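Nothing here was measured: the structure is a model prediction, and the numbers come from that model. Every chain is numbered from 1, with letters handed out A, B, ... down the list of sequences.
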Amino acid sequence: MSDTPIPDLPRRDFIRELVADDVATGRFGRPPATRFPPEPNGFLHMGHAKSICLNFGIAREFGGTCNLRFDDTNPFTEEMQYVEAIKRDVEWLGFKWDGEFYASDYFEQLYDIAELLVKKGKAYVDDQTEEEIRTNRGTVTSPGTPSPFRNRSTDENLDLLRRMKAGEFADGACVLRAKIDMAHPNMIMRDPLLLRIRRGAHHYRRGTSWHIFPLYDFAHGLSDAIEGITRSLCTLEFKDNRDIYDWLVEHAGFTDPPRQIEFARLELDYTVLSKRKLLRLVNEGHVSGWDDPRMPTIAGLRRRGVRPEAIRDFAEVIGVARKDARVEIASFEHAVRNDLNMEVPRVLCVLKPLKVVLTNYPEGRVEMLEAQNYPHDVPKTGTRQIPFSRELYIDRDDFMEVPAKKFFRLSPGSEVRLRFGYIIKCEELVKDAAGNVVELRCTYDAETKSGGANSDKKVKGTIHWVSAAQALSCEVRLYDRLFSIPDPDDVPEGQDFISALNPDSLVVIPEAKVEPTVGQDPVGTRYQFERAGYFMSDVEDSRPGKLVFNRIVGLRDSWAKEVKKG
RNA sequence: UGCCCCUUAGCUCAACUGGCAGAGCGUCUGACUCUGGAUCAGAAGGUUCCAGGUUCGAAACCUGGAGGGGCAACCA
């Protein structure tokens with residue numbers, strides 16, 4: 001080991017720096033406290049995964065706590081099914097929250113703070129219409145104009161606020177606003193709205209008994225303060241909201257308040273990370289649901305076969321910064337392969353079957369060949385027996401009637417090794433009436449059996465295969481990126497991200513052929529189909545008699561590069 | 001023409017309070033040989049947006065400029 005000093009605490013990014021400083025200086029007088037605050041109005045996606053890994057990771061690394069808090073202040077969009085999905089996803093990612101809280105449980109406390117602010121002359125009830133409020137806020141370059149109701153007496157404000165709470169007013173009749181500065185350079189500080197009336201709304205946890213709902217700015221920082229959060233981590237677009245966050249926490253009387261830190265949200269190539277857009281994909285039927293394997297949702301990735309380890313590794317690699325970060329999808333795919341490479345067994349599956357008959361192999365004979373479950377460089381062991389016989393299937397792509405340069409697989413007269421088996425030679429083609437190759441007639445070299453005494457004969461290529469009689473038919477779903485361009489929002493004027501959808505994001509192969517050894521494996525088993533990619537049997541649709549596999553991710557494709565080079 | 005943030009390798013991003021500019025991906029080269037679409041190793045690649053300034057020393061601090069982004073929902 002070198003003599004490099006080992007830091008007491010992890011210091012990987014600017015946020016962990018700050019937290020480490022908090023710990024070192026005892027700034028908060030308690031262990032770091034973070035929270036993950038989703039609104040239960042949709043499923044969690046990769047962007048949330050980044051935030052989850054950050055918030056829970058910091059708590060874990062620094063011996064602090066991390067709460068799961070549902071920011072459920074909008075009765076129109078929130079549902080119990082989403083809180084259940086969110087909890088499932090966080091757990092699946094490998095994190096356990098300390099406290100499980102709901103902003104809707106704080107409505108009473110928030111109301112008390114509202115009264116407090118009114119009494120301090122820091123808030124007032126405004127009767128202006130929504131339109132008037134918007135207009136009077138001014139613009140980024142011109143100051144707003146104060147509401148005619150801005151200077152109501154404390155008693156009048158209090159009376160009005162209580163009647164708002166009692167449900168005496170219709171939606172939109174009035175709102176509670178903070179009294180700050182209508183000329184503030186930060187638009188958010190121009191008397192921001194605190195409470196709005198939703199008298200008829202049905203809140204999924206509060207029913208219809210509660211009539212006034214806090215807005216994000218009013219609920220968020222105060223919820224953090226109530227829970228004793230030390231560092232409130234959020235994305236960059238909330239930077240301007242930090243002023244109102246601090247203002248409210250201070251005027252509500254919290255000493256030792258939480259501090260907001262902003263970091264860049266994740267943007268991933270060839271997909272969208274916005275609950276609003278993902279909701280549209282679901283509602284308009286462009287995908288089969290929130291857990292469609294093409295979705296960048298946690299549920300979608302899980303269904304596809306990605307492991308939580310890969311997502312955590314990916315979050316680690318991309319890090320956190322103060323600058324918007326568009327990450328290449330290749331980087332994510334790399335993390336997925338990296339994880340699966342060391343974990344999953346190899347099997348042989350022929351995606352596009354082409355029949356091969358070994359003319360010099362005895363009819364009716366079946367021999368079992370020993371196949372390694374892991375390659376030499378993966379520290380796992382295990383073998384299995386796979387049947388070999390006169391009639392086989394190989395992949396159509398492993399044969400070229402007129403071989404391209406550097407094509408080392410099968411072509412008329414060429415030799416190739418069958419993985420774990422023999423070297424075969426292509427002697428003859430069988431074509432249909434249209435001239436398509438429908439069968440290859442080959443001979444095998446009995447001396448070249450894999451692992452045998454004379455198996456050291458060299459050939460340039462090794463291909464995968466299955467024995468025709470014993471192979472299992474299966475459906476294979478080849479998933480690809482959901483959008484055909486890196487930034488789905490970068491479309492011509494008048495179009496939106498829907499027009500950038502990749503029409504080939506799902507290609508179904510109804511009848512692929514897989515070796516029989518996978519027949520007894522439970523659904524949800526992951527494999528590498530050698531030379532094809534990583535796959536998992538679909539947890540919803542796969543059954544013993546009808547296997548269905550999802551492609552998690554392909555292998556790194558250097559043959560495609562070779563083809564491109566010509 | 002307000003406030004705030006950002007600009008570092010081909011790409012995406014790091015670099016604690018100023019101290020020899022790093023990583024991943026990609027690219028190229030090599031190794032292995034029963035995954036030649038796996039894996040492993042190595043290499044190339046930089047005027048740190050521009051112009052000044054402070055400093056023994058600047059990617060970092062100051063001034064000015066250019067380019068990109070966020071903010072004017074009774075969403076979060």
Side-chain angles (χ1 to χ4, degrees), chain A residues 7 11-14 16-18 20-21 37-39 41 71 73-74 76-77 126 129-130 133-135 137-144 171-172 174-177 183-190 193-198 213 215-217 219-220 234-243 262 264 267 269 275-276 317-319 321-335 337 341 346 348 372 375-378 397 406 408-409 417-421 423 448 450-451 455-456 458-464 528-533 554-563:
Chain A
R11 284 174 174 262
R12 288 205 309 272
D13 52 65
F14 76 99
R16 276 173 247 250
E17 293 289 339
L18 285 169
D21 287 346
E39 184 189 8
N41 65 347
D71 219 341
T73 58
N74 185 348
F76 290 160
T77 58
D126 192 349
T129 64
E130 195 173 336
I133 289 174
R134 193 170 22 243
T135 308
R137 187 144 32 218
T139 71
V140 290
T141 53
S142 63
D171 289 11
C174 52
V175 292
L176 183 76
R177 300 180 73 176
H184 199 106
N186 178 355
M187 295 291 296
I188 286 175
M189 295 297 272
R190 320 249 259 226
L193 276 63
L194 268 23
L195 253 18
R196 83 284 214 176
I197 300 170
R198 290 286 177 267
F213 293 85
L215 278 101
Y216 168 83
D217 284 319
H220 196 85
C234 65
T235 44
L236 249 26
E237 69 270 24
F238 291 102
K239 179 65 195 293
D240 293 322
N241 299 65
R242 194 166 76 202
D243 285 346
E262 307 85 14
E267 291 180 81
D269 276 356
K275 274 195 281 189
R276 211 199 86 248
V317 166
I318 59 176
R322 261 167 295 218
K323 188 180 61 169
D324 288 325
R326 175 165 285 276
V327 178
E328 291 170 307
I329 195 78
S331 184
F332 177 63
E333 290 170 350
H334 178 260
R337 280 189 207 106
N341 178 41
R346 273 61 173 172
L348 304 183
Q372 247 109 49
H376 58 90
D377 52 329
V378 170
D397 290 345
K406 285 193 173 182
F408 298 138
R409 287 110 85 180
R417 176 174 287 283
L418 295 179
R419 178 78 159 151
F420 306 123
I423 290 174
T448 59
S450 182
S455 67
D456 54 345
K458 302 285 185 234
V459 284
K460 293 242 182 175
T462 299
I463 64 173
H464 58 285
Q528 183 195 103
F529 290 170
E530 292 208 16
R531 306 207 309 133
L555 261 21
R556 231 174 77 197
D557 197 346
S558 35
W559 171 249
K561 267 180 284 179
E562 203 63 45
V563 169

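The residue R190(A) sits apart from the nucleic acid: no heavy atom pair falls under 4.0 Å. Base engagement by Q528(A) is indicated by at least one non-hydrogen atom pair under 4.0 Å involving a base atom. Residue V175(A) is in base contact, counting any heavy-atom pair closer than 4.0 Å across all strands shown. Counting non-hydrogen atoms under 4.0 angstrom, G319(A) reaches nothing in the nucleic acid. Base contact: F238(A) has a heavy atom under 4.0 Å from a base atom. Among the protein residues, N241(A) comes within range of the nucleic acid bases, having at least one heavy atom under 4.0 Å from a base atom. Note on S142(A): nothing from the nucleic acid sits closer than 4.0 angstrom, heavy atoms only. Residue L236(A) is classed as having no contact, given no heavy-atom separation below 4.0 Å to the nucleic acid. Using a 4.0 Å heavy-atom distance criterion, R346(A) is classed as a base contact.
The side chain of S331(A) contributes no N or O atom lying less than 4.0 Å from OP1 or OP2 of C11(B). Proximity of R196(A) to the phosphate of C75(B): a side-chain N or O atom is located under 4.0 Å from OP1 or OP2. Between R531(A) and the phosphate of G36(B), there is a side-chain N or O to OP1/OP2 separation shorter than 4.0 Å. Regarding contacts with the backbone of U35(B), every side-chain N or O of R337(A) stays at 4.0 angstrom or more from both OP1 and OP2. Phosphate proximity of C25(B) to H334(A): present, with a side-chain N or O under 4.0 Å from OP1 or OP2. Checking the phosphate oxygens (OP1, OP2) of C74(B), a side-chain nitrogen or oxygen of R137(A) falls inside 4.0 Å.
A side-chain donor-acceptor contact under 3.5 Å links R417(A) to the backbone of T448(A). Although no hydrogens or angles enter the test, the distance criterion places no donor-acceptor pair under 3.5 Å between the side chain of N41(A) and the main chain of T77(A). One N or O on the side chain of R337(A) and one on the backbone of G554(A) form a donor-acceptor pair closer than 3.5 Å. Listed for the R326(A) side chain is no donor-acceptor partner under 3.5 Å among the backbone atoms of E267(A).
Atom-to-atom, CG of L418(A) to P of G36(B) comes out at 12 Å; the value is rounded to the nearest Å. Nucleotide U35(B) holds its P atom 14 Å from the NE2 atom of H464(A), rounded to whole Å. Rounding to whole angstrom units, CG of residue D240(A) and P of C75(B) are separated by 19 Å. As rounded to whole Å, 19 Å separates atom P of A73(B) from atom CG of L195(A). The interatomic distance linking E333(A) (CD) with U12(B) (P) rounds to 17 Å, in whole Å. Rounding to whole angstrom units, CZ of residue R276(A) and P of A73(B) are separated by 16 Å. As a whole-Å value, the separation of E130(A) CD from A72(B) P is 14 Å.
Atom C1' of U7(B) sits at a distance of 12 Å from the matching atom of C13(B), rounded to the whole Å. G2(B) sits 13 Å from G64(B) when the P atoms are compared, rounded to a whole Å. Rounded to whole Å, the separation between the C1' atoms of A21(B) and U47(B) comes to 13 Å. Taking the C1' atoms as reference points, A59(B) lies 14 Å from A9(B), given to the whole Å.
Judged by closest nucleotide on RNA chain B, V140(A) is the one of R419(A) and V140(A) placed further toward the 5' end. The residue among D243(A) and I133(A) whose nearest nucleotide of RNA chain B is located toward the 5' end is D243(A).
Residue L555(A) places its side chain closer to A38(B) than to any other of A76(B), A72(B), A38(B). Taking every side-chain heavy atom of I188(A) into account, C71(B) is the closest of A38(B), G36(B), C71(B). Closest contact between the side chain of T141(A) and the listed nucleotides C25(B), C71(B), U1(B) involves U1(B). Residue E328(A) places its side chain closer to U12(B) than to any other of U35(B), U12(B), A76(B). Candidate nucleotides C6(B), U12(B), C74(B) were compared by shortest atom distance to the side chain of L215(A), and C74(B) ranks first. Looking at the side chain of D397(A), the nearest of the listed nucleotides C11(B), G37(B), A76(B) is G37(B). Here the nucleotide nearest the side chain of R409(A), chosen from C13(B), G37(B), A76(B), is G37(B).
Checking Q372(A), H464(A), E530(A) one by one against R346(A), the side chain to side chain contact (heavy atoms under 4.5 Å, CB included) holds for a single residue, E530(A). Of the candidates R177(A), R137(A), R196(A), R177(A) is the only one forming a salt bridge (charged side-chain N to carboxylate O under 4.0 Å, His left out) with D126(A).
N241(A) and D217(A) share a donor-acceptor pair across their side chains, judged by distance under 3.5 Å alone.
Expressed to the nearest 0.5 Å, how far CG of L176(A) lies from CG of L215(A) amounts to 10.5 Å.
C49(B) is paired with G65(B) under the Watson-Crick or G-U wobble criterion, all donor-acceptor distances under 3.5 Å.
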